S.K.: 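Handing you this structure, nothing more for now.
All of these numbers come straight from a predicted model, not from anything done at the bench. Whatever order the structure lists them in is the order used to number ligands and atoms, beginning at 1.
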Amino acid sequence: MLKVLEHPLITHKLTQMRRKECGTKDFRANLDEIAGLMAYEISRDLPLRTVDIETPVSPYTTKELAKDIVLVPILRAGLGMVNGIANLIPTVKIAHIGLYRDEETLEPHTYFEKYPKNVKDAVVMIVDPMLATGGSANAAIDMVKKQGAKNIRLVCLVGAPEGVKAVEEAHPEVDIYLAALDEKLNEHGYIVPGLGDAGDRIFGTK
Ligand SMILES: O=P(O)(O)OC[C@H]1O[C@H](OP(=O)(O)OP(=O)(O)O)[C@H](O)[C@@H]1O
Ligand SMILES: O=c1cc[nH]c(=O)[nH]1
Ligand SMILES: [Mg+2]
């Protein structure tokens with residue numbers, strides 16, 4: 001399933017990020033805020049369990065989140081989406097997957113992996129602002145599957161049709177959430193219109 005989360009606030013904030021004159025501080029702030037707005041939709045179908053509690057007034061049978069949620073940012077740029085989502089989902093645990101895309105071949109290379117204990121039974125949310133060729137997302141999905149993850153969703157800010165297709169073909173059961181589906185990739189594998197290199201814009205490395 002592909003879901004593009006359309007909302008006027010998401011559209012407005014993404015437009016600010018796309019502007020080439022948007023500086024590092026505003027870029028980070030807008031990404032953080034959009035991730036928070038996306039958290040509501042990406043958590044809509046999380047499983048609940050019944051619990052008996054006591055309010056100050058009476059006993060009450062109610063519900064709370066039933067499963068651990070593991071957020072998996074793909075380093076570096078995925079880090080920019082962590083706080084916005086984690087602030088809203090109280091039970092979240094955070095894994096890290098370090099990948100960089102070779103600028104010539106566009107192939108992803110792994111340089112770091114660290115997981116909490118319960119990946120197998122958790123709802124796993126892989127986050128990365130950019131879904132371009134889909135190579136990095138597919139590599140990250142393969143990595144969490146090796147940890148036993150079964151319930152996986154991919155949450156990106158901007159996607160290219162090529163990347164969506166690649167993930168749908170390799171991992172048809174993974175739900176994909178985007179804030180925008182852009183037009184295409186250019187000859188360098190960058191999303192058009194996109195927003196440039198997300199990692200460099202978040203961390204000021206160019
Ligand atoms: O869909 P793909 O073609 O794999 O491209 C997308 C990947 O490229 C970017 O990371 P990059 O390699 O620039 O690393 P960085 O986050 O450290 O900048 C981006 O954050 C994704 O991880
Ligand atoms: O447009 C793109 C493609 C890959 N990675 C980015 O950061 N931006
Ligand atoms: Mg980058």
S.K.: Look at atom 9 (C) of ligand 1 and say whether a protein heavy atom is found at less than 4.0 angstrom from it.
M.R.: no

S.K.: Do K120 and Q147 come close enough that some side-chain heavy atom pair is under 4.5 Å?
M.R.: no

S.K.: Is there a path of hydrophobic side-chain contacts, each under 4.5 Å between heavy atoms, that joins Y100 and I97?
M.R.: no

S.K.: Should the proximity of D128 to ligand 1, defined as any heavy atom under 4.0 Å, be assigned to the side chain, the backbone, both, or neither?
M.R.: side chain

S.K.: Which heavy atom of the protein is the closest neighbour of atom 17 (O) of ligand 1, given with residue, atom name and distance?
M.R.: R76 NE, 2.7 Å

S.K.: Test your reading of the model: is there a side-chain donor-acceptor pair from D128 to the backbone of M130, 3.5 Å cut-off?
M.R.: yes

S.K.: Please tabulate, line by line, the atom pairs linking an N/O of ligand 2 to a protein N/O at a distance below 3.5 Å, with the distance in Å to 0.1, or answer 'none'.
M.R.:
| from | atom 1 | to | atom 2 | distance (Å) |
| --- | --- | --- | --- | --- |
| ligand 2 | 1 (O) | I191 | N | 2.8 |
| ligand 2 | 7 (O) | A198 | N | 2.9 |
| ligand 2 | 8 (N) | G196 | O | 2.8 |

S.K.: Considering the heavy atoms of Y100, write down every atom of ligand 1 situated less than 4.0 Å from one of them.
M.R.: 12 (O)

S.K.: Between D175 and L2, is any pair of side-chain heavy atoms under 4.5 Å apart?
M.R.: no

S.K.: Name the closest protein heavy atom to atom 14 (O) of ligand 1, giving the residue it belongs to and the distance to 0.1 Å.
M.R.: L99 O, 4.0 Å

S.K.: Please determine if G134 has a nitrogen or oxygen closer than 3.5 Å to a nitrogen or oxygen of ligand 1.
M.R.: yes

S.K.: Answer yes or no: does an N/O atom from Y111 fall short of 3.5 Å to an N/O atom of ligand 1?
M.R.: no

S.K.: Purely on distance, is any nitrogen or oxygen of A137 under 3.5 Å from one on ligand 1?
M.R.: no

S.K.: In Å, rounded to the nearest 0.5 Å, how long is the span from CD of E21 to CG of D26?
M.R.: 10.5 Å

S.K.: Which atoms of ligand 1 sit under 4.0 Å from any heavy atom of G199?
M.R.: 18 (O)

S.K.: Just by distance, with hydrogens left out, do T205 and D200 show a side-chain donor and acceptor under 3.5 Å apart?
M.R.: yes

S.K.: So is D197 touching ligand 1 or not, going by heavy atoms under 4.0 Å?
M.R.: yes

S.K.: Does T15 reach the side chain of R18, with side-chain heavy atoms less than 4.5 Å apart?
M.R.: no

S.K.: Among all protein non-hydrogen atoms, which one is nearest to atom 6 (C) of ligand 1, and what is the separation to 0.1 Å?
M.R.: M130 O, 3.5 Å

S.K.: Could you check whether any side-chain heavy atom of L178 comes within less than 4.5 Å of a side-chain heavy atom of K3, counting everything from C-beta outward?
M.R.: no

S.K.: Please confirm whether the backbone N or O of I202 pairs with a side-chain atom of R28, one donor and one acceptor, at under 3.5 Å?
M.R.: yes

S.K.: So which of the N, O or S atoms of D197 lies nearest the Mg ion (ligand 3)?
M.R.: OD1

S.K.: For atom 12 (O) of ligand 1, what is the nearest protein heavy atom, given as residue, atom name and distance?
M.R.: R101 N, 2.7 Å

S.K.: Look at the N, O or S atoms of D200, main chain and side chain alike, and state whether any lies under 2.8 Å from the Mg ion (ligand 3).
M.R.: no

S.K.: Within the structure, is a non-hydrogen atom of P108 found at a distance of less than 4.0 Å from ligand 1?
M.R.: no

S.K.: For ligand 1, which part of S136 has a heavy atom less than 4.0 Å away: the side chain, the backbone, both, or neither?
M.R.: both

S.K.: Students should be able to answer this: which protein heavy-atom is nearest to atom 3 (O) of ligand 1, and at what distance?
M.R.: T133 OG1, 2.6 Å

S.K.: Using side-chain heavy atoms (C-beta onward) and a distance below 4.5 Å, is M17 in contact with L157?
M.R.: yes

S.K.: Can you confirm whether H109 is buried at NE2, in the sense that more than 12 heavy atoms of other residues, nucleotides or ligands lie under 6.0 Å from that atom?
M.R.: yes

S.K.: Tell me whether R101 forms a cation-pi arrangement with Y190, defined as NZ or CZ under 6.0 Å from the six-membered ring centre and within 45 degrees of its axis.
M.R.: yes

S.K.: Show me which atoms of ligand 1 lie under 4.0 Å from any heavy atom of A77.
M.R.: 16 (O), 20 (O)

S.K.: May I ask you to test the M125-I42 pair for a side-chain heavy-atom distance under 4.5 Å?
M.R.: yes

S.K.: So do V164 and I176 actually touch side chain to side chain, heavy atoms under 4.5 Å?
M.R.: yes

S.K.: Has S43 got a side-chain atom pairing as donor or acceptor with L46's backbone, closer than 3.5 angstrom?
M.R.: no

